[in-house]
A.B. asks: 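The structure's right below; bear with me while I get my questions together.
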Amino acid sequence: MPERLYQNVGSFDAVVNTAGYCEYAPFGEMSDEQWQTTIQSKLMGQINLVNIGLNYINQGGSFTLISGILNIKPIPLAIADATTSGAIDTFVQCVAHELPRGIRINVVNPTVLEEAWDVYGEMMPGFQPVPGALVGKAFERSVDGFISGQVLYVDA
């Protein structure tokens, strides 16, 4: 799928990804299929976005991925989300040293957004949501800044 997207777009300066699907269940009840769904969507989907995108991104371009605060502040039923978020953070910190042509990569690791609190708030007691505009600033810093290999935490 990313290959077709990049072919249609052609060369570009930046990619920002905010998508990834995660399964939620107790660890002991997570099936291989649920793990694979989460790993393929949230983790490998973003890794492939970068790997394939390297063929199209301009010199000095940037990739910005998304993880999530649950690898730092776990909650029940979110083992797959937390695990893949941690893997994405580590991937970004490591791959930044291997990217050619001055290409940068960062990851935004936000807590729950105010705009999504009505959906996720019940699952996240004690969490303070943040406005989406604040998370947007982290994406802006990643794209328009000079940093690379950083995890940009957005938490209250």
Side-chain angles (χ1 to χ4, degrees), residues 1-25 30-72 78-120 123-124 129-155:
M1 177 93 78
E3 183 78 43
R4 211 168 5 154
L5 168 73
Y6 289 134
Q7 287 172 346
N8 289 336
V9 169
S11 65
F12 59 90
D13 292 321
V15 169
V16 171
N17 182 69
T18 62
Y21 178 78
C22 296
E23 294 277 355
Y24 289 82
M30 284 285 291
S31 68
D32 285 349
E33 183 177 325
Q34 287 175 302
W35 275 106
Q36 285 304 315
T37 296
T38 302
I39 291 166
Q40 290 304 313
S41 177
K42 186 169 184 176
L43 178 60
M44 292 308 301
Q46 294 191 93
I47 290 173
N48 289 332
L49 196 69
V50 173
N51 193 31
I52 296 167
L54 287 174
N55 298 316
Y56 298 88
I57 194 167
N58 293 327
Q59 180 170 330
S62 76
F63 293 97
T64 306
L65 307 183
I66 192 159
S67 59
I69 203 69
L70 298 181
N71 66 317
I72 304 298
I79 187 73
D81 191 346
T83 301
T84 52
S85 288
I88 293 161
D89 288 356
T90 301
F91 168 73
V92 164
Q93 291 170 328
C94 294
V95 79
H97 301 285
E98 297 186 29
L99 297 181
R101 306 185 327 271
I103 297 167
R104 299 177 304 104
I105 187 169
N106 296 292
V107 58
V108 175
N109 182 317
T111 191
V112 63
L113 276 63
E114 287 176 356
E115 295 83 353
W117 186 249
D118 60 333
V119 175
Y120 297 106
M123 293 173 49
M124 303 177 80
V130 298
L134 185 60
V135 177
K137 289 294 183 183
F139 283 103
E140 182 180 1
R141 181 175 171 220
S142 176
V143 173
D144 293 335
F146 68 94
I147 61 173
S148 189
Q150 300 298 304
V151 180
L152 303 174
Y153 295 100
V154 184
D155 196 10

A.B. asks: Specify the closest pair of heavy atoms between Asn55 and Asn51, including all atoms of both residues, with the distance to one decimal.
C.D. replies: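 Nearest heavy atoms, Asn55 then Asn51: ND2-O, 4.2 Å.
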A.B. asks: Using modelled atom types only, decide if a donor and an acceptor are shared between the side chain of Ser41 and the backbone of Thr37 within a distance under 3.5 Å.
C.D. replies: no
A.B. asks: When you look at Trp35 and Gln40, which way does the side-chain contact (heavy atoms from CB on, under 4.5 Å) test go after all the steps?
C.D. replies: CA-CA 8 Å; Trp35 275 106; Gln40 290 304 313; over 6 Å; no
A.B. asks: Under 30°, 30 to 60°, or over 60°: which ring-plane class applies to Phe12 and Phe63, parallel, tilted or perpendicular?
C.D. replies: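 Perpendicular: the ring planes of Phe12 and Phe63 meet at over 60°.
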A.B. asks: Please name the pair of heavy atoms, one in Ile88 and one in Gln46, separated by the smallest distance, quoted to 0.1 Å.
C.D. replies: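 Smallest interatomic distance, heavy atoms only, reads CD1-NE2, 3.0 Å.
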A.B. asks: Could you check if a side-chain atom of Glu33 sits within less than 4.5 angstrom of a side-chain atom of Gln36, using non-hydrogen atoms only?
C.D. replies: no
A.B. asks: Do Leu54 and Ile103 touch side chain to side chain, with heavy atoms closer than 4.5 Å?
C.D. replies: yes
A.B. asks: Just do the side-chain contact (heavy atoms from CB on, under 4.5 Å) check on Ile57 and Arg101 with the steps written out, would you?
C.D. replies: CA-CA 10 Å; Ile57 194 167; Arg101 306 185 327 271; 3.6 Å; yes
A.B. asks: How far does CD1 of Ile105 sit from NE2 of His97, to the nearest 0.5 angstrom?
C.D. replies: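 NE2 of His97 is found 11.5 Å from CD1 of Ile105.
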A.B. asks: Tell me the closest heavy-atom pair linking Asn17 and Phe139, and the distance in Å.
C.D. replies: O-CE2, 4.1 Å
A.B. asks: Let me know which of Thr18, Ile66, Val108 forms a side-chain contact (heavy atoms from CB on, under 4.5 Å) with Val135.
C.D. replies: Val108
A.B. asks: Could you please spell out the steps behind the side-chain contact (heavy atoms from CB on, under 4.5 Å) verdict for Arg141 and Ile147?
C.D. replies: CA-CA 8 Å; Arg141 181 175 171 220; Ile147 61 173; 4.1 Å; yes
A.B. asks: Tell me the salt bridge (Lys or Arg N to Asp or Glu O under 4.0 Å) pairs involving residues 37-55, sequence neighbours left out?
C.D. replies: Lys42-Asp81
A.B. asks: Classify the side-chain pair Asn106/Thr64 by whether it contains a donor and acceptor separated by less than 3.5 Å.
C.D. replies: no
A.B. asks: Take atom CG of Asp118 as the centre, draw a 6.0 Å sphere, and report whether it contains more than 12 heavy atoms from other residues, nucleotides or ligands.
C.D. replies: yes
A.B. asks: Run the side chain to side chain contact (heavy atoms under 4.5 Å, CB included) test against Asp13 and tell me which residues pass, sequence neighbours left out.
C.D. replies: Asn58
A.B. asks: Of all the heavy-atom pairs spanning Cys22 and Thr84, show the shortest one and how long it is.
C.D. replies: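 Result for this residue pair: SG-OG1, 4.3 Å.
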A.B. asks: Is Thr111 reaching over with its side chain to a backbone N or O of Asp155, donor-acceptor style, under 3.5 angstrom?
C.D. replies: no
A.B. asks: Output the distance between atom CD1 (Ile39) and atom CD (Glu23), rounded to the nearest 0.5 Å.
C.D. replies: 11.5 Å
A.B. asks: For a quick test of reading the model, state the closest non-hydrogen atom pair linking Leu113 to Pro110 and the distance between them.
C.D. replies: CD1-CB, 4.5 Å
A.B. asks: To the nearest 0.5 Å, how far apart are CD in Glu140 and CG in Asp144?
C.D. replies: 5.5 Å
A.B. asks: I'd like to know if the side chain of Glu115 reaches the main chain of Pro131, judged simply by a donor and an acceptor atom lying under 3.5 Å from each other, with no hydrogens or angles considered.
C.D. replies: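 No, Glu115 side chain to Pro131 backbone: no donor-acceptor pair under 3.5 Å.
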A.B. asks: Evaluate the side-chain proximity of Asn71 to Thr83: yes if any heavy-atom separation is below 4.5 Å, no if none is.
C.D. replies: no
A.B. asks: Closest heavy-atom contact between Leu49 and Tyr6?
C.D. replies: O-OH, 2.7 Å
A.B. asks: Looking at Ala80, is its backbone amide N or carbonyl O close enough to the side chain of Tyr24 to form a donor-acceptor pair, meaning the two atoms are under 3.5 Å apart?
C.D. replies: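 No; zero donor-acceptor contacts below 3.5 Å.
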A.B. asks: Could you tell me whether the side chain of Asn109 and the main chain of Leu152 form a donor-acceptor pair under 3.5 Å?
C.D. replies: no
A.B. asks: With a 3.5 Å distance limit and no angle check, can you tell me whether Arg104 reaches the backbone of Ser62 through a side-chain donor-acceptor pair?
C.D. replies: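 It does not hold such a pair.
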A.B. asks: Give a yes or no on whether the backbone of Ser31 and the side-chain of Gln34 come within a donor-acceptor separation of less than 3.5 Å.
C.D. replies: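 Yes, because the side chain of Gln34 sits within donor-acceptor range (under 3.5 Å) of the backbone of Ser31.
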A.B. asks: Going by heavy atoms in the side chains, are Trp117 and Pro129 under 4.5 Å from each other?
C.D. replies: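 Side chain of Trp117 against side chain of Pro129, heavy atoms only: contact under 4.5 Å found.
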A.B. asks: Can you tell me how far apart CD (Gln93) and OG (Ser148) are? Round to the nearest 0.5 Å.
C.D. replies: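 The CD atom of Gln93 sits 11.0 Å away from the OG atom of Ser148.
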A.B. asks: Report the C-alpha distance between Leu65 and Phe91 in whole Å, list the side-chain angles of each, state the deciding distance to 0.1 Å, and finish with yes or no for side-chain contact (heavy atoms from CB on, under 4.5 Å).
C.D. replies: CA-CA 10 Å; Leu65 307 183; Phe91 168 73; 4.1 Å; yes
